[in-house]
Amino acid sequence: MAALTRADLEARDAQDPLAPFRERFDLPEGVIYLDGNSLGALPKATVERIHALVTREWGQDLIRSWNLHGWIDLPQRVGDKIARLIGAEPGEVIVCDSTSANLFKVLAAALRLCPGRHVILSDTGNFPTDLYMAQGLVDLLSHQYELRLVDERDVLDAIDEDVAVVMLTQVNYRTGYLHDMATITRAAHERGALVIWDLAHSAGALPVDLNGCHVDFAVGCGYKYLNGGPGAPAFVFVARRWQEQALSPLWGWMGHAEPFALELEYRPADGVRRMLCGTPPILSMAALEVGVDMLLEADIQAVRRKSVALGQLFIQLAEQELAPFGFELASPRDPERRGSQVSLRHPEGYPIVQALISRGIIGDFRAPDILRFGFAPLYVRYVDVWDTVAALRNIMETGAWDRPAFRVRGKVT
Ligand SMILES: *Cc1c(COP(=O)(O)O)cnc(C)c1O
């Protein structure tokens, strides 16, 4: 590694304004964690918060905690905090359910706001669950609608008079390709369509300006860059201007105007609260709040700057060191078009990732041939990038990846 040395990167870490955050995560000794785009790391404060919640609030105060400790307001409280990370106002975001379920809710709501049009437009790079939720809704609605898929680079041209809703994930989960939210949203509105953005790989990783872009609806994930823990609840955004008209298709009691009036007829709550369905998972929500609080302490612009720098460094080193071994860059080279991950393609991607993991460097694999490296700037260091590329080079040079054990696939890759 001629031009750059490991010492240069140690020096960069020493000057990194975000470096102190790393100590606040409970990362195992010797592990380089490059999968924060799939499951964020554990904040130390979460352990204490959950312990206190379980023993004091649940254990001692029992059901009184819904009022006493404000459990009932957690979906809104945490939603208001997430709003600050994604360019929304208080009262526009609420935390509930999974990303999949929330997408279903806002898609159903949006379609009803666009009568006379019959196309849901998305791209072939979207995450399968987003497409499946749309397919299921189309089926439920007796195929009055059609899901149209185009290449992610052709979305703008595909928005025509038939499109009711443009439903996209801002950052492609495989390649990290970053859509231009402002331009696509503007074009959709000019042509009479609404937009839904999935922020699964954006929230907590890069600045998002939902209201600046006049976005209608959005959903996002709590367990990726927000570090909310496995299966953390997701969030949903409904722009203020749609809140009176947008209806969730799931009329749960928590989304009722007065849940404890226990009326026989559903009446939707005012505002984004009507997107709630059933009882909020308090333990998971409290864990998510800790992760979100930490991101609010960090400057999201600084997070993005470091994310870009880590990605550019990885690309530079990978091209310098891995050229003979058949890797291809699967991510956009232009950081303006890339989220917080860099992906490589290699026909033996699966065993190569397993070999890396056996050395404590945790990335992941996405079929058919993608090696994914997520850079969560709160806990990934510049030296980690160096060490990852050095390990990859060693694994390829020595053929260490080519072992039967590394070809055994778990249920989760
Ligand atoms: C991670 C991710 C999801 C996850 O959905 P769940 O309902 O939490 O399983 C959904 N959409 C996208 C784009 C994702 O990246």
Side-chain angles (χ1 to χ4, degrees), residues 34-41 75 78 82 86 93-108 120-137 147 149 152 155 165-179 181 184 195-206 208 210 215 217-237 248-250 275-278 280-281 284-285 287-288 291-292 330-331 338-343 363-367 370 372-376 411-413:
L34 304 179
D35 218 353
N37 51 325
S38 210
L39 173 63
V78 182
I82 292 173
I86 58 176
V93 178
I94 199 144
V95 175
C96 53
D97 302 320
S98 62
T99 307
S100 306
N102 287 335
L103 187 69
F104 187 87
K105 290 187 272 184
V106 293
L107 182 57
I120 302 161
L121 178 67
S122 192
D123 70 51
T124 51
N126 205 345
F127 188 68
T129 201
D130 295 42
L131 304 179
Y132 302 159
M133 296 317 288
Q135 290 161 15
L137 183 59
L147 175 63
L149 298 182
E152 62 196 3
V155 169
V165 175
V166 179
M167 177 193 91
L168 296 170
T169 296
Q170 191 186 14
V171 177
N172 179 309
Y173 74 104
R174 273 208 187 93
T175 63
Y177 176 79
L178 173 64
H179 272 300
M181 177 183 282
I184 292 175
V195 296
I196 300 173
W197 285 100
D198 185 333
L199 307 178
H201 291 271
S202 322
L206 45 99
V208 177
L210 291 180
V215 169
F217 300 93
V219 297
C221 184
Y223 52 79
K224 292 172 180 162
Y225 293 98
L226 295 181
N227 304 315
F235 62 87
V236 52
F237 161 88
S248 169
L250 300 174
M275 288 293 150
L276 294 181
C277 183
S284 307
M285 254 185 220
L288 174 59
V292 171
S331 296
R338 195 177 69 232
S340 201
Q341 69 180 63
V342 175
S343 304
D364 68 16
F365 173 80
R366 286 294 177 263
I370 297 268
R372 272 198 322 184
F373 302 94
F375 301 108
K411 284 190 183 165
V412 176
T413 67

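Everything numeric here is computed off the predicted structure, so don't read it as measured data. For the single chain, residues carry numbers from 1 onward in sequence order. Numbering of ligands and ligand atoms starts at 1, following listing order.
Of the protein's non-hydrogen atoms, Asp130 OD1, 2.8 Å is the one closest to atom 11 (N) of ligand 1. What sits closest to atom 2 (C) of ligand 1 on the protein, heavy atoms only, is Lys224 NZ, 2.4 Å.
Counting atoms of ligand 1 from 1 in the listed order, those under 4.0 Å from a heavy atom of Tyr223 are 1 (C), 4 (C), 5 (O), 6 (P), 8 (O), 9 (O). For ligand 1, the atoms closer than 4.0 angstrom to any heavy atom of Ala200 are 2 (C), 12 (C), 13 (C), 14 (C), 15 (O). Near Ser98, meaning under 4.0 Å from any of its heavy atoms, are these atoms of ligand 1: 7 (O). Against a heavy-atom cut-off of under 4.0 Å, His201 is close to the following atoms of ligand 1: 15 (O).
Contacts between Leu103 and ligand 1, counted as non-hydrogen atom pairs separated by less than 4.0 Å, are absent for every part of the residue. Contact annotation: for Ser100 versus ligand 1, heavy atoms closer than 4.0 Å belong to both the backbone and the side chain. Within the 4.0 Å heavy-atom criterion, the part of Thr129 lying near ligand 1 is the side chain and not the backbone.
Partner Leu168 forms a side-chain contact (heavy atoms from CB on, under 4.5 Å) with one of Ile196, Val195, Val155 and no other, that one being Val155. With Leu131 as the partner, the side-chain contact (heavy atoms from CB on, under 4.5 Å) test is satisfied by one option alone out of Leu149, Asp123, Thr124: Leu149.
Checked against a 3.5 angstrom limit, the closest N/O atoms of Asn126 and ligand 1 fall outside it.
The backbone N or O of Met275 lies less than 3.5 Å from a partner atom in the side chain of Lys105, making a donor-acceptor pair. Counting only distance, with no hydrogens or angles, the side chain of Asp198 and the backbone of Met167 share no donor-acceptor pair below 3.5 Å.
Distance check, rounded to the nearest 0.5 Å: CD of Gln341 to CZ of Arg372 gives 5.5 Å. A distance of 8.5 Å separates OH of Tyr173 from CG of Asn126, quoted to the nearest 0.5 Å. Between the CD1 atom in Ile86 and the CG atom in Leu199 there is a gap of 5.5 Å [rounded to 0.5 Å].
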